Asks: 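Before I ask anything, let me first share the structure, which is written out below as structure tokens.
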Amino acid sequence: MIVNRKKLNFLERLYVPAVIGGFKITIRHFFKKKVTMQYPEEKWVVPEGYRGAPYLVKDQQGRTKCVSCQLCEFVCPPKAIQITPPGPGGLPEAGNVEKGPREFEINMLRCIFCGLCQEVCPEEAIFLMKDYSLNGKSREELIHNKEKLLAMGGVHNDKIQKWKTKADEARQQGL
Amino acid sequence: MSTNAKIETPPTPAPVEKIKVKVDGREVEVPKTMPDGVTGKPVPTTMIQACHAIKVEVPHYCYHPRLPVAGNCRMCLVEFGTPAMGPDRKPILNPDGTAKILKSPRPAIACATPISPGMEIYTNTPNVRFMREGILEFLLINHPLDCPICDQAGECKLQEYSVDHGQTSSRFAEIKVHKPKRVDLGPRIILDDERCILCTRCIRFTRDVVGDDALGIVNRGSYNTITAYPGKPFDNNYSLNTVDLCPVGALTSKDFRFQMRVWFLKETKSLCTSCGTGCNVVVGSREDRMFRYKPRENDSVNATWMCDHGRLNYRWIHNPERLVQVTVRNGAAATVSDWKSAMPQLAARLKSAAPGTVAVIGSARQTTEELFLLAKLARHFQAVTDSVPRTGPADHLLLNADRNPNSTGAVFTGLAATPMGSNLGKIAEGIRSGRIKTLIVFGEDVTRHGIGADLLARLDLLVASDILPNATTKLAHFVLPGCAHVEKRGTFVNVKGHVQKFMKAIEPKGDARAEVEFLKELLPTVTGWTAPRSLEGLFNQMAGEIPALQGVTWAALGDTGVRVQI
Ligand code: SF4
Ligand code: SF4
Ligand code: SF4
Ligand code: SF4
Ligand code: FES
């Protein structure tokens with residue numbers, strides 16, 4: 001297709017009106033509210049429900065909420081989670097919960113932030129939190145172990161506290 | 001399967017009168033009586049057996065085909081009808097000529113109600129579904145719902161039936177009755193009374209199958225509690241079968257407890273190697289680590305049970321000491337080698353051995369195929385051969401006094417002397433006199449069986465294949481790392497002549513290889529005889545050459561094996 005170039009008229013050939021028009025726009029934006037964020041000095045606060053990195057949480061009594069049921073390990077599509085169950089002795093510090101993970105690793109190089117682990121967890125022990133920028137100097141650094149996951153996860157204010165209720169009920173019934 | 005006379009067919013039971021019944025509208029013909037699961041005496045056929053005969057599943061907890069019927073869980077309730085009889089004791093007919101069926105006003109438990117001619121069983125009516133829902137609601141009233149920490153989760157009948165037949169939510173708002181948890185029942189078993197659904201399978205098993213009346217129920221109503229006899233641990237050699245029988249997570253194995261969730265376990269059909277019975281098992285493994293044995297049904301060997309001794313005897317497979325390198329020793333210095341360079345060296349050394357100067361000792365723990373190849377090697381050298389007998393106390397159920405899994409195979413292949421072990425002294429004598437200069441040992445530490453280190457030091461060539469290091473492998477000129485049975489395929493012949501195969505569950509560690517593989521590599525150079533390439537072919541070739549195995553093929557072995565005459 002041939003596009004015929006329109007001949008510019010005199011005013012247009014002067015360019016000055018166009019330059020002035022450009023300045024107008026620049027000046028208007030100059031006085032507008034700034035939208036650019038000075039990352040990384042400034043960080044974006046993600047909205048509620050954002051699916052960031054998965055972390056483990058403790059309950060109000062300081063018990064690691066995860067009971068190592070390994071459902072998240074099973075459901076995780078890229079197989080990012082690897083859990084070492086406690087073995088025959090269980091976890092003595094877990095009290096009437098009996099179980100907890102001996103080791104819990106999430107390979108953040110594999111995780112796709114799908115949130116299925118949080119969805120499947122029957123104990124509300126793993127949550128996708130607000131961290132979206134994960135980087136490290138080595139691959140190992142990005143395999144989060146139990147200690148790291150718990151430190152990042154913090155305490156979850158559990159309203160049901162099913163294991164504590166169970167223990168209290170059993171005590172009341174003389175067991 | 002071939003019709004060779006040597007293969008024993010199970011004795012055909014005397015013909016029993018057949019009865020025609022209808023299950024969900026489908027007609028099925030079943031024998032009037034069937035052998036009782038425990039005693040084998042003929043007892044009237046029940047509705048659940050008729051349903052199972054045409055593969056209609058009736059959910060059940062307390063019923064088990066190998067236990068006496070208890071009829072206490074009510075999960076198997078079904079509706080049924082019988083032909084209506086007139087006053088003349090003749091069936092009343094419908095206008096279209098079919099028998100008029102009188103539907104029973106009340107349901108019946110399928111596990112304990114005998115069938116009668118013309119009976120109609122309905123397993124999927126709205127009423128039946130409603131009853132199942134009700135039973136499950138009752139079972140869950142005091143159930144702790146420990147699934148996240150319960151070892152049974154994933155193979156729990158309460159979970160399965162709840163999903164299939166239960167309600168989605170509970171109407172029970174009261175506080176649950178709590179019962180003892182983490183009860184130490186015995187050396188191998190932990191009991192969680194809250195999870196127990198009181199089906200009494202465990203009680204019936206240990207009382208009626210094992211003959212050890214160790215368990216019982218105490219207290220009443222919702223406080224019903226399973227317990228062992230006070231002051232007496234539940235420790236018979238079959239106690240772990242109750243863990244398999246328990247439909248829920250009340251009885252759990254201390255050995256398997258909190259090791260791995262069952263849905264990760266790959267299941268491989270295998271055999272127990274701890275005695276000559278050869279119980280059929282399923283190996284549970286994940287990522288090349290073995291976690292447990294579970295018995296597998298085989299009516300001609302172990303029914304559905306296995307003993308605790310065999311079940312827990314697997315730790316050696318993951319022993320960190322395992323031999324994982326080919327080692328060649330010249331004089332005092334042992335050097336790590338590999339298959340590629342060690343095999344030609346070994347073949348050359350063996351080739352130069354003169355007939356009559358060689359002895360071969362093959363363990364009766366090796367597979368029949370391995371022993372067959374060893375026997376070929378031995379025949380080439382006109383070697384003295386033997387296996388090592390291994391015995392222990394037997395018991396009244398499964399555990400055999402012969403603790404080798406393949407003694408019969410060693411006899412069949414001609415490797416074992418008669419009686420087994422009688423040639424060991426001759427071999428020792430031969431080495432002492434200098435007549436025997438080469439000794440090939442597979443799977444035994446001969447220093448513990450009369451051929452001491454001083455004698456081994458006199459040999460020109462000592463070849464040892466084993467799984468774990470021992471005094472013999474320490475002195476051997478060639479150490480060939482072999483495989484545990486879960487790392488290879490093969491067959492064993494049990495004490496009664498049952499030929500059974502086992503499959504590979506996990507990969508061997510390091511350089512370890514299945515013995516069959518490297519024997520097959522060695523044989524053509526040393527003897528000029530080439531073995532069939534596949535294990536199936538090797539088995540079939542062997543069956544053709546061994547009279548006792550005539551007519552048996554690998555394919556005919558199936559999952560449950562073939563009985564031959566011994
Ligand atoms: S968010 Fe998804 S990918 Fe990441 S660990 Fe959880 S389940 Fe796995
Ligand atoms: S699903 Fe929850 S309780 Fe289970 S292992 Fe994962 S984090 Fe732990
Ligand atoms: S017995 Fe079954 S339903 Fe009960 S806690 Fe264990 S897995 Fe869950
Ligand atoms: S412990 Fe298990 S097998 Fe025994 S009665 Fe309870 S549920 Fe049944
Ligand atoms: S299976 Fe019939 S009552 Fe339990």
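Lettering follows sequence order; numbering is per chain, from 1. The analysis underlying the following values was restricted to heavy atoms, covering all of them including side chains, and did not include hydrogens, waters or symmetry mates. From a predicted model like this one, the values you see are computed outputs, not experimental measurements.
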Asks: Could you tell me whether A:Glu141 atom CD has more than 12 heavy atoms of other residues or ligands within 6.0 Å of it?
Replies: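 Yes, because the 6.0 Å sphere around CD of A:Glu141 holds more than 12 heavy atoms from other groups.
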Asks: Take a 6.0 Å sphere around NZ of B:Lys232 and say whether it holds more than 12 heavy atoms from other residues, nucleotides or ligands.
Replies: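 Enclosed.
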Asks: Assess whether atom CD of B:Gln159 is packed by more than 12 heavy atoms of other residues, nucleotides or ligands within 6.0 Å.
Replies: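 Yes, the 6.0 Å shell around CD holds more than 12 heavy atoms from other groups.
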Asks: Would you indicate whether A:Phe23, at its atom CZ, is surrounded by more than 12 heavy atoms from other residues, nucleotides or ligands within a distance under 6.0 Å?
Replies: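 No, the 6.0 Å shell around CZ holds no more than 12 heavy atoms from other groups.
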Asks: Evaluate the side-chain proximity of A:Gln70 to B:Met260: yes if any heavy-atom separation is below 4.5 Å, no if none is.
Replies: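 The answer is yes, as the side chains (C-beta and beyond) meet within the 4.5 Å cut-off.
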Asks: Is it true that atom CZ of B:Phe138 has more than 12 heavy atoms of other residues, nucleotides or ligands lying nearer than 6.0 Å?
Replies: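 Atom CZ in B:Phe138 is not packed in, count stays at 12 or less.
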Asks: Do A:Leu175 and B:Lys181 make a side-chain contact, defined as non-hydrogen atoms from C-beta onward lying under 4.5 Å apart?
Replies: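 No - every pair of side-chain heavy atoms lies 4.5 Å or more apart.
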Asks: Can you tell me which portion of B:Phe264 sits under 4.5 Å from chain A's heavy atoms? Options are side chain, backbone, both or neither.
Replies: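 Interface part for B:Phe264: side chain.
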Asks: Examine whether an atom of A:Gln173 lies under 4.5 Å from a heavy atom of chain B, and if so say whether it belongs to the side chain, the backbone or both; otherwise answer neither.
Replies: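 Only the side chain of A:Gln173 comes within 4.5 Å of chain B.
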Asks: Looking at chain A, which one of B:Ile175, B:Thr252, B:Ile190 has the largest number of heavy-atom pairs inside 4.5 Å, strictly under?
Replies: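 Most heavy-atom pairs under 4.5 Å with chain A: B:Ile175.
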Asks: May I ask you to check whether over 12 heavy atoms, not counting those of A:Tyr39, lie within 6.0 Å of atom OH?
Replies: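 Count over threshold, so yes.
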Asks: Do B:Gln259 and A:Pro88 have side-chain heavy atoms sitting under 4.5 Å apart?
Replies: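 Touching, per the 4.5 Å side-chain cut-off.
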Asks: For A:Leu8, is the CG atom crowded, meaning more than 12 foreign heavy atoms sit under 6.0 Å from it?
Replies: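 Buried by this count: over 12 neighbours within 6.0 Å.
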Asks: Measure distances from B:Lys254 to the heavy atoms of chain A and classify the residue's part below 4.5 Å as side chain, backbone, both or neither.
Replies: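 Only the backbone of B:Lys254 comes within 4.5 Å of chain A.
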Asks: With the side chain counted from C-beta on, respond yes when B:Arg257 and A:Pro85 share a heavy-atom pair under 4.5 Å apart, and no when they do not.
Replies: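 Counting from C-beta outward, B:Arg257 and A:Pro85 never come under 4.5 Å.
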Asks: Which heavy atom of B:Ile149 sits nearest a heavy atom of A:Val67, and at what distance?
Replies: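 The pair with the smallest heavy-atom distance is CG2-CB, 3.6 Å.
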Asks: Would you say A:Tyr132 has more than 12 foreign heavy atoms packed within less than 6.0 Å of its OH?
Replies: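 Above 12, so yes.
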Asks: Measure the shortest side-chain to side-chain distance between A:Glu73 and B:Arg261 over non-hydrogen atoms and say whether it is less than 4.5 angstrom.
Replies: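 Result no, sub-4.5 Å side-chain heavy-atom pair not found.
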Asks: Are the charged groups of B:Lys176 and A:Glu169 less than 4.0 angstrom apart, N to O?
Replies: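 No salt bridge links B:Lys176 with A:Glu169.
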Asks: With only heavy atoms counted, which part of A:Ser68 is less than 4.5 Å from chain B, the side chain, the backbone, both or neither?
Replies: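 Only the backbone of A:Ser68 comes within 4.5 Å of chain B.
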Asks: Answer with side chain, backbone, both or neither: which region of A:Pro86 has an atom nearer than 4.5 Å to a non-hydrogen atom of chain B?
Replies: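 Answer is both: backbone and side chain atoms of A:Pro86 are under 4.5 Å from chain B.
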Asks: Is any NZ, NE, NH1 or NH2 atom of the basic residue among A:Lys166 and B:Asp146 found under 4.0 Å from an Asp or Glu carboxylate oxygen of the other?
Replies: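 B:Asp146 and A:Lys166: salt-bridged.
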Asks: Looking at A:Lys99 and B:Pro148, what are the two nearest heavy atoms and their distance?
Replies: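 Minimum heavy-atom contact is NZ-O, 4.4 Å.
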